[in-house]
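Remarks on the structure that follows.
In each ligand, atom 1 is the first atom listed, and ligand 1 is the first ligand listed. Sequence positions, counted from 1, serve as the residue numbers for this chain.
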Amino acid sequence: MEFLSMIPENQINHAAVKDHLHIFTSSCVLEALVMLYMSSDKRNKDCAKESIQEFITSIRFMLPQPVSSQFVPLVLELCKMLQSAAGYDDSLYKLCRGSLGVMVKNAKNYHSGDDDDDDNKVIISLQDMFPFAAELANKLSRGLVSSVESPSNFGPLRGDVNDFMAFMKPLKTAVKYQVVSPRPMLPSNSKFTDAINKAAVKYQVGSPRPILPPNSKFTDAINKIKFLYVLFDGLLTTLVACLKKMEVLVIEKKENGGWDQYLVILKELHDISKLYRGGEEYFWTNLKDFKRSLCHLIVRYAIRDEDYGWILQQKDAINFESRRHLVMLLFPVVMDENDDIHEMLINRTQLLAESFVYIAHEDPDRLRSGLFMEFKDEEATGPGVLREWFFLLSQEIFNPKTGLFVACPNDPRRFFPNPASRADPLDLEYFNFAGRVIALALMNRVPVGIVFDRSFFLQLAGKNVSLEDIKDVDPFLYSSCRKILDMDPLAVDEDALGLTFVWNVDKLGAMDVVELCPGGKNMIVNSKNRKTYVDLLIHHCFVVSVAEQISHFARGFTDIVGGENILKMFFSSLTLEDFDKMLHGSETDISVVDWKAHTDYEGYSPTDPQIYWFWKIVEEMTGEQRKVLLFFWISMKYLPVEGFGGLTSRLYIYKSKESFDHLPSSHTCFYQICLPAYPSMDVMKNRLNVITQHHVGCSFGTS
Ligand SMILES: *[C@@H]1O[C@H](CO)[C@@H](O)[C@H](O)[C@H]1NC(C)=O
């Protein structure tokens, strides 16, 4: 401690710090401590251990960054000594190795590839790190292999994975900066050196980058490229072999312990793969047969606040459930027990306007922490009513009569912002509100029975809209544009189209001419520019004309998810079909078999005649009647895509004490329907009919 406190005041003076350190090294303190540590006398050993720990902690946490970087060579020496004296598995050695990794990772000049800053130079080469990196890679490999051998085995340990990544970071940076463009070719077998050399030649000759390493350093760079690649490929090969075994274990539902670090290691390998030309393709080709394992790992081990963009961008690598799982992790946590819950009391006949008041300007934190919903003059409260509210409200927001959205002519479930809706400035606030409601519905996992048009969806994902994307929303414009593009070029050039670069908009009865580009009125559409014309037209009609609406919607959605980057990440990680499934819910008819399998009885036994009649009646119902009954029972008209298994609870049929002239009642929060013991199937059918015919969005239920 005394030595550390004597470090020259002026810490920018690196030469002085170096001299000071030199005195320390030449005094052989570290050698002495390691000798003491190896002593057979426990007191000696403990004393040395404590000193070394103290020393490491002090330089890591008490010294400013530039000074502690100067200690890297010292810690390196200490690591080497401990390793040869006490072995790889010694806990003190591991502590030192971990600290070395972190110090190297944080040292500035490994990050820029910039050699000019000699003052701040760390005086060990990356080559010195190789043995540690290799040791850790081996350790991870062994962990991976053991994790698929026996359920009682450990897998790779989090600490080792962290250390590994720490050592990888400067190495990756070095490779990235020292070999700029082109990236080194992915080596194939024995041609490795050859490929590297070729890349190197190109690099020397053609690179536009100014910071070329001087020739003497060249071999050094090549060595890093090779070394990193060998580590990468070795670890990837092991991992692939383990995933292969895992495929079988997952099918057999034999979960082994120690799989929690797989995704972290995979992400690191993916990161390294990007440094090599063709590396990413190589990485994904290796993984393509192990989709089941990958999906299992995601659903089981993916955690909040970790970045999964690398796997989400690879749409084929995983399935819908895994993608949904990952994007749901992007949402902030919903607190269940929170005092700050947002209470709403809404008049059913004023659903849209009153909900707007409660949601549009409320602090998003409050909305996220929980919603409590009650209809005026109705007793029911709880999650069932909340689901009902989400469903009814979404239906109303997207109802074409409301004027905010229009339905696609080819598919009336799909909606697109109404370009004419800007007339009223309040409308834009309503788009913001709509964005909030949809985000909240997704967050609370309530399927609301509507879906978005492709062009709307793409814009939320920050992507372009092209002709093929507007098929559903405007089939008429789509086919006209197709015709223009498919026409005989000669006919187009003879001005058979009679078109210029303008678009006529019907604005409240009067025609408004909009130029698609400056001077568009005088530009005639010909065979050469027709593609541009179509692109501009699509851009105008589906991007420009609804840009404000979409940006307000996006802002509302962002309020809830907590950042624009999350909004983009959310939509770009999903396919339109994924999003359909999440927002709309299951499209298939409700299966009675599945329904029955997820229903329990209270007061009735499964063999009672009433239960037999009940399912018989449900079987005979139309798809729509079943949906209404389901809505009455649990306040959901659409099930999650998994069917009843995707609900948070099983369903219940209660035997009600009421006489049989009563209608069934429900407690939607608890997924309960209460059936009086009706004397015959006809009576029961008659009572259930009342429900399925008249239960149009108004609660009979109480809870
Ligand atoms: C709901 O609003 C309607 C129309 O303003 C009104 O007639 C009705 O009394 C209100 N209901 C309640 C319970 O306040």
Seminar exercise, completed: Minimal heavy-atom distance between Pro447 and Gly585, with the atoms involved, is CB-CA, 3.6 Å

Problem set entry | Between NE2 on residue His296 and CD1 on residue Ile318, distance to nearest 0.5 Å | 14.5 Å

Problem set entry | Sub-3.5 Å N/O-N/O distance, Asp377 and ligand 1 | no

Exercise. Between Thr349 and ligand 1, is there a nitrogen or oxygen pair with a distance under 3.5 Å?
Worked result: yes

Problem set entry | atom 9 (O) of ligand 1 protein-contacted, heavy-atom criterion under 4.0 angstrom | no

For this session: Please write down residue, atom name and distance for the protein heavy atom closest to atom 2 (O) of ligand 1.
Result: Asn347 ND2, 2.3 Å

Exercise. Is it the side chain (CB and beyond), the backbone, both or neither of Gln350 that lies under 4.0 Å from ligand 1, heavy atoms counted?
Worked result: side chain

Problem set entry | Distance filter under 4.0 Å to Lys376 heavy atoms, resulting ligand 1 atoms | 13 (C), 14 (O)

Problem set entry | Working for salt bridge (charged side-chain N to carboxylate O under 4.0 Å, His left out), residues Asp600 and Arg650 | CA-CA 7 Å; Asp600 292 331; Arg650 292 176 64 80; 2.8 Å; yes

Exercise. With a cut-off of under 6.0 Å to the ring centre and 45° to the axis, is Lys581 in cation-pi contact with Phe320?
Worked result: yes

Problem set entry | Student check: side-chain heavy atoms of Pro419 and Val546 closer than 4.5 Å | yes

